[in-house]
Each structure stands twice: as structure tokens, then as C-alpha cells.
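We use all heavy atoms of the structure for the numbers below, so side chains are in, but hydrogens, waters and symmetry mates are not.
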Amino acid sequence: MTALDFFTDGALVEIGSHLFTPQAIISYARRFDPQPFHLDPHAAKKSLLGGLCASGWHVTSAWMRVSVEHQRAERARLTAEGQAFPEFGPSPGISNLKWFRPTFAGDTLRFFNKVTGVRPRRSRPGWGIVELYTDGINQHGDTVIEFDHAVLVRL
């Protein structure tokens, strides 16, 4: 049995959620994406987007935080049950990143991972790769973000 056996192709897991507050949207935008529709509620209302909304990069960063928190919680749960948890390495990347609609102040996104592939890595003996499809869905049931990504797992 290897760490790859922990992952089932096709498995869908809700990894957590994130609330986008006006303060957090503005704070993130000041540092990383200083555009009027991310910084100023009045300017945002007059923009094409129609209201203060999070940067797509903020949404993607929130997914990363939720993902790491989910891994930590799963590690703690499995350790408490006397089971091993896979050792994750770095990610070889994200592809097909799409932001379908704005994430407005007050929106809560729920993030889901679906395993789309599991295999040993030929170029890195002792490591496997888990491929995933991720989406983020707002409280109205609308898909806001989706992308494909992968993570290395020690065998």
C-alpha cells in the first residue's frame, strides 16, 4: 500500500469555505490588486462589475488557505485514529484557471476538490502525483472559480 492508495479517482470532497468581507477584499486589493472595483465600494458600484468584489487572485489565495487547513484537519483526524496521512510535496502547477463571475463582499464560497488522476511519478522516484479539479461555489449555487491542479505525494 502506498500513499496514492489514500486517493480514489473520482472522489469529491468539500474542503471548506471562505467568507469574503469588505474589509478583507479592500485589504487584499491594497496590497496585491489595487483596482477601483476591489478598493472602493462607490467606484465598484459604477463599474462593469456593479459592486465591491474580490480579486480573482484573492479568491484563489483563499482556496489555498482552505486547502491547507483541510489537510491539517485531515492529518489530525487520521493521527488521532492511529492512521498515517500522506506527505504532500509541492504542486507542479495550476491550469485552466477560470473566474466565471465576481465574488462580492459578503459572499461565501465553498470549495470542492475532485480527484481526476493518481499515478506514480516517473521523473521523481519515490513520489506520486495526484491530479485534481477544484471549483468554488457561492451561496447562490453559482460556480465562481474552477481550475485543474496537481500535488506531489511521497510514496
Minimum heavy-atom separation for [X] to [Y], with atom names?
X: S17; Y: R65; value: O-NH2, 4.2 Å
X: I25; Y: C53; value: CG2-O, 3.3 Å
X: F104; Y: G51; value: CE2-O, 3.7 Å
X: A44; Y: S47; value: O-OG, 2.7 Å
X: S61; Y: Y28; value: OG-OH, 3.3 Å
X: G117; Y: D9; value: N-OD1, 3.4 Å

State whether the number of non-hydrogen atoms from other residues, nucleotides or ligands found under 6.0 Å of [X] atom [atom1] is greater than 12.
X: R72; atom1: CZ; result: no
X: H140; atom1: NE2; result: yes
X: R124; atom1: CZ; result: no
X: R75; atom1: CZ; result: yes

Can you measure from [atom1] ([X]) to [atom2] ([Y]) and round to the nearest 0.5 angstrom?
X: H58; Y: R31; atom1: NE2; atom2: CZ; value: 11.5 Å
X: Q83; Y: E74; atom1: CD; atom2: CD; value: 10.0 Å
X: D135; Y: T143; atom1: CG; atom2: OG1; value: 5.0 Å

Applying a strict under-4.5 Å side-chain criterion to I, L, V, M, F, W and Y, I'd like to know whether [X] and [Y] cluster together.
X: I94; Y: L132; answer: no
X: V151; Y: L78; answer: yes
X: F111; Y: L19; answer: no
X: V13; Y: I129; answer: no
X: V59; Y: L52; answer: yes

Do [X] and [Y] make a side-chain contact, defined as non-hydrogen atoms from C-beta onward lying under 4.5 Å apart?
X: L39; Y: R30; result: yes
X: F7; Y: P86; result: yes
X: E146; Y: F112; result: no
X: F32; Y: S55; result: no

Would you say [X]'s side chain and [Y]'s backbone share a donor-acceptor pair under 3.5 angstrom?
X: W99; Y: G56; answer: yes
X: S67; Y: W63; answer: no
X: Q139; Y: T108; answer: yes
X: T116; Y: E131; answer: yes
X: S91; Y: A150; answer: yes
X: D142; Y: V144; answer: no

Query - Verdict with reasoning, V115 to V130, per side chain to side chain contact (heavy atoms under 4.5 Å, CB included) - result: CA-CA 7 Å; V115 176; V130 177; 4.3 Å; yes
Requested in this report: Check the pair N138, R101 against side chain to side chain contact (heavy atoms under 4.5 Å, CB included), reporting the backbone distance first and the verdict last.
Outcome: CA-CA 10 Å; N138 68 18; R101 54 185 23 100; 4.2 Å; yes
**Report entry** Donor-acceptor pair between N96 and D148 side chains, under 3.5 angstrom
**Finding:** yes
Query raised in the report: For the residue pair H149 and F147, does the interplanar ring angle fall in the parallel (under 30°), tilted (30 to 60°) or perpendicular (over 60°) class?
Result: tilted
Query raised in the report: Where does the angle between the aromatic ring planes of F6 and F85 fall among parallel (under 30°), tilted (30 to 60°) and perpendicular (over 60°)?
Result: perpendicular
**Report entry** Pair I26-D40, side chain to side chain contact (heavy atoms under 4.5 Å, CB included): steps then yes or no
**Finding:** CA-CA 8 Å; I26 292 168; D40 179 350; over 6 Å; no
Requested in this report: Go through V118 and V153 one step at a time and tell me if the side chain to side chain contact (heavy atoms under 4.5 Å, CB included) criterion holds.
Outcome: CA-CA 10 Å; V118 179; V153 178; over 6 Å; no
Report task. For this output row, return yes or no: ring centroids of W57 and H38 closer than 6.0 angstrom. Result -> no
